[in-house]
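As a basis for the values below, the full set of heavy atoms in this structure was taken, side chains included, without hydrogen atoms, waters or symmetry mates. All figures in this text were calculated on a predicted structure; none of them were measured in a lab.
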Amino acid sequence: MKIIFVNVMTLCCLLLPQLLFAGGEPKEFVMTPRAQKIFDQAPKTPEALLKIIKEFMDNPSMNGYEFGERVSGIDREYWGPESEGNDFRYNKNVLYKSYAPLCGNCPYSYRTAKRTLPTPYFVNDMKVVAENSHFMDISISFQTRKRLMTNMTCEMTPALVQQMLGTPTKIDVTSPTYERSSGRYYLRYYYNFGRYELSIPFLAKGDNEPELRKQRRSQTVEQIRQERKRRKNFANHKDFLALTLRLSRLR
């Protein structure tokens, strides 16, 4: 009887992960004509990415999956494991589906030897409303520590963003003494599109140097005030590059 019990438990342990994740894994990748078309039409420049975002802002009823495919260049059939939640920002009661559009089984995935994505940036996360597939949230990295892709070069500047989207609704600069800033002055553009908000943090070239970050942590209140004021001026944004981009539903 004891041997039977042990065997049953062993079998359960082997099957449990498969039961938990059944239906959640993406399909085995096949470069179908549809997948190839989405791959080929993916943004290859920051201008192309901003154009898609602007088109979405002009037509916010666009299907969330379609928007995600256009931004990531990956067919929704091959997105990462699906999960659900309802704890997103201001939409605590809205059930959403979350994906990582990395296509783990694709030949252009960051997990393979080729390590080339259809885009020169990294799509971290994508959320859509479970009830109606409306777009909810997407997060993009232009610089990442996650096994850099061979084509990870997408330099989005404040000048380009303003050229494509106009003057930001709000411009903010963090203090280097703020816990999450870690000695950096983050310049952040905010665009409010009614139901959605776009936020883009920038750093100036050289801002990540350890010695400079150490010095800034000991700056006086007046020095910090003056530097934050200086960085808010668009004339001083010429050597800034975007780190990430996030487009989120507010309500």
Side-chain angles (χ1 to χ4, degrees), residues 37-60 62 64 66-75 79 99-103 108-110 115-127 135-174 184-193 196-208 231-249:
K37 182 178 179 181
I38 293 170
F39 179 94
D40 293 340
Q41 294 180 348
K44 299 297 188 294
T45 64
E47 291 93 335
L49 173 60
L50 290 173
K51 182 179 179 182
I52 290 176
I53 291 174
K54 189 176 186 303
E55 288 174 358
F56 175 77
M57 292 300 98
D58 294 337
N59 179 29
M62 182 189 297
E66 179 186 348
F67 178 67
E69 286 178 333
R70 293 185 65 189
V71 171
S72 69
I74 297 174
D75 188 330
W79 289 2
Y99 305 87
L102 303 176
C103 194
Y108 47 84
S109 167
Y110 78 105
R115 293 190 299 155
T116 300
L117 291 176
T119 58
Y121 50 81
F122 188 91
V123 180
N124 303 296
D125 183 64
M126 169 80 185
K127 294 181 177 67
F135 169 77
M136 194 164 191
D137 178 75
I138 194 166
S139 173
I140 293 170
S141 292
F142 301 112
Q143 301 177 33
T144 175
R145 294 178 181 176
K146 297 180 180 178
R147 295 183 62 186
L148 295 181
M149 273 56 72
T150 56
N151 59 337
M152 278 291 293
T153 304
C154 190
E155 296 190 345
M156 183 177 290
T157 65
L160 176 61
V161 173
Q162 292 209 33
Q163 176 187 330
M164 299 290 293
L165 303 178
T167 304
T169 307
K170 183 177 73 170
I171 295 178
D172 185 38
V173 178
T174 64
R184 305 178 185 91
Y185 285 97
Y186 285 106
L187 169 72
R188 192 179 297 270
Y189 278 15
Y190 292 94
Y191 286 87
N192 189 306
F193 297 101
Y196 295 91
E197 179 184 74
L198 175 67
S199 64
I200 308 176
F202 301 86
L203 278 183
K205 294 178 180 178
D207 271 348
N208 262 326
R231 290 191 176 224
K232 285 186 179 181
N233 188 335
F234 177 66
N236 299 318
H237 296 174
K238 294 179 181 178
D239 64 341
F240 283 65
L241 293 175
L243 299 175
T244 61
L245 178 153
R246 186 171 188 179
L247 181 62
S248 299
R249 175 173 165 171

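Scanning all heavy atoms of the two residues, the minimum distance from Gln162 to Phe234 falls at NE2-CD1, 3.2 Å. Closest of all the heavy-atom pairs between Pro118 and Ile74 is CG-CG1, 4.1 Å. The two residues Asp137 and Arg246 make their nearest non-hydrogen contact at OD1-NE, 2.9 Å. Shown here for Thr174 and Tyr185, the closest heavy-atom pair between the two residues is O-CD2, 3.4 Å. Scanning both residues, Glu47 and Met164, for their nearest heavy atoms gives O-CE, 3.4 Å. Here the shortest heavy-atom pairing between Ser72 and Trp79 reads OG-NE1, 4.0 Å.
Every residue two or more places apart in sequence or in another chain was checked for a side-chain hydrogen bond (donor to acceptor under 3.5 Å, both in side chains) with Gln163, and none qualifies. With sequence neighbours left out, the side-chain hydrogen bond (donor to acceptor under 3.5 Å, both in side chains) criterion links Tyr196 to no other residue. For Asn233, the side-chain contact (heavy atoms from CB on, under 4.5 Å) test picks out Ala235, Asn236, with sequence neighbours left out.
Side-chain atoms of Lys170 never come within 3.5 Å of backbone atoms of Pro168 as a donor-acceptor pair (strictly under, hydrogens ignored). Judged by distance alone, with hydrogens and angles left aside, the side-chain atoms of Tyr121 form no donor-acceptor pair with the main-chain N or O of Pro46 at under 3.5 Å. Distance alone, capped at 3.5 Å, is enough to place a donor-acceptor pair between the Thr169 side chain and the Asn192 backbone.
One finds the CD atom of Glu69 at 11.0 Å from the NZ atom of Lys37 (value rounded to the nearest 0.5 Å). In this structure, OG in Ser139 is found 9.5 Å from CZ in Phe122, a value given to the nearest 0.5 Å. Going from atom CZ of Arg231 over to atom CZ of Arg188 covers 14.0 Å, rounded to the nearest 0.5 Å. Here the OH-CD1 distance, from Tyr191 to Ile200, works out to 6.5 Å after rounding to the nearest 0.5 Å.
When the options Ile52, Ile53, Leu49 are evaluated for a side chain to side chain contact (heavy atoms under 4.5 Å, CB included) with Arg70, the one that passes is Ile52.
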Is there a side chain to side chain contact (heavy atoms under 4.5 Å, CB included) between Leu198 and Leu165 once you walk through the steps?
CA-CA 10 Å; Leu198 175 67; Leu165 303 178; 3.5 Å; yes
In sequence, state the C-alpha distance, the side-chain angles, and the governing distance for Ile171 and Tyr189, and then conclude on side chain to side chain contact (heavy atoms under 4.5 Å, CB included).
CA-CA 5 Å; Ile171 295 178; Tyr189 278 15; 3.9 Å; yes
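The side-chain heavy atoms of Leu50 and Met156, taken from C-beta on, include a pair separated by under 4.5 Å. Residues Arg184 and Asn208 meet the side-chain proximity criterion, which asks for heavy atoms closer than 4.5 Å. With contacts defined as side-chain heavy-atom distances shorter than 4.5 Å, the pair Phe202/His237 does not qualify. Side chains of Leu203 and Phe240 form no contact here, defined as non-hydrogen atoms less than 4.5 Å apart. Counting heavy atoms from C-beta on, the side chains of Thr244 and Ile140 never come closer than 4.5 Å.
By the 30° and 60° cut-offs, the orientation of the rings of Phe56 relative to Phe135 is perpendicular.
A 6.0 Å sphere centred on NZ of Lys232 holds more than 12 heavy atoms belonging to other residues, nucleotides or ligands. By the 6.0 Å contact criterion, CD on Glu55 is enclosed, its count of non-hydrogen atoms from other residues, nucleotides or ligands being greater than 12. In Lys44, the NZ atom is crowded: over 12 heavy atoms of neighbouring residues, nucleotides or ligands sit closer than 6.0 Å.
For the residue pair Ser141 / Asn124, a side-chain donor-acceptor distance below 3.5 Å is found, with atom types taken as modelled.
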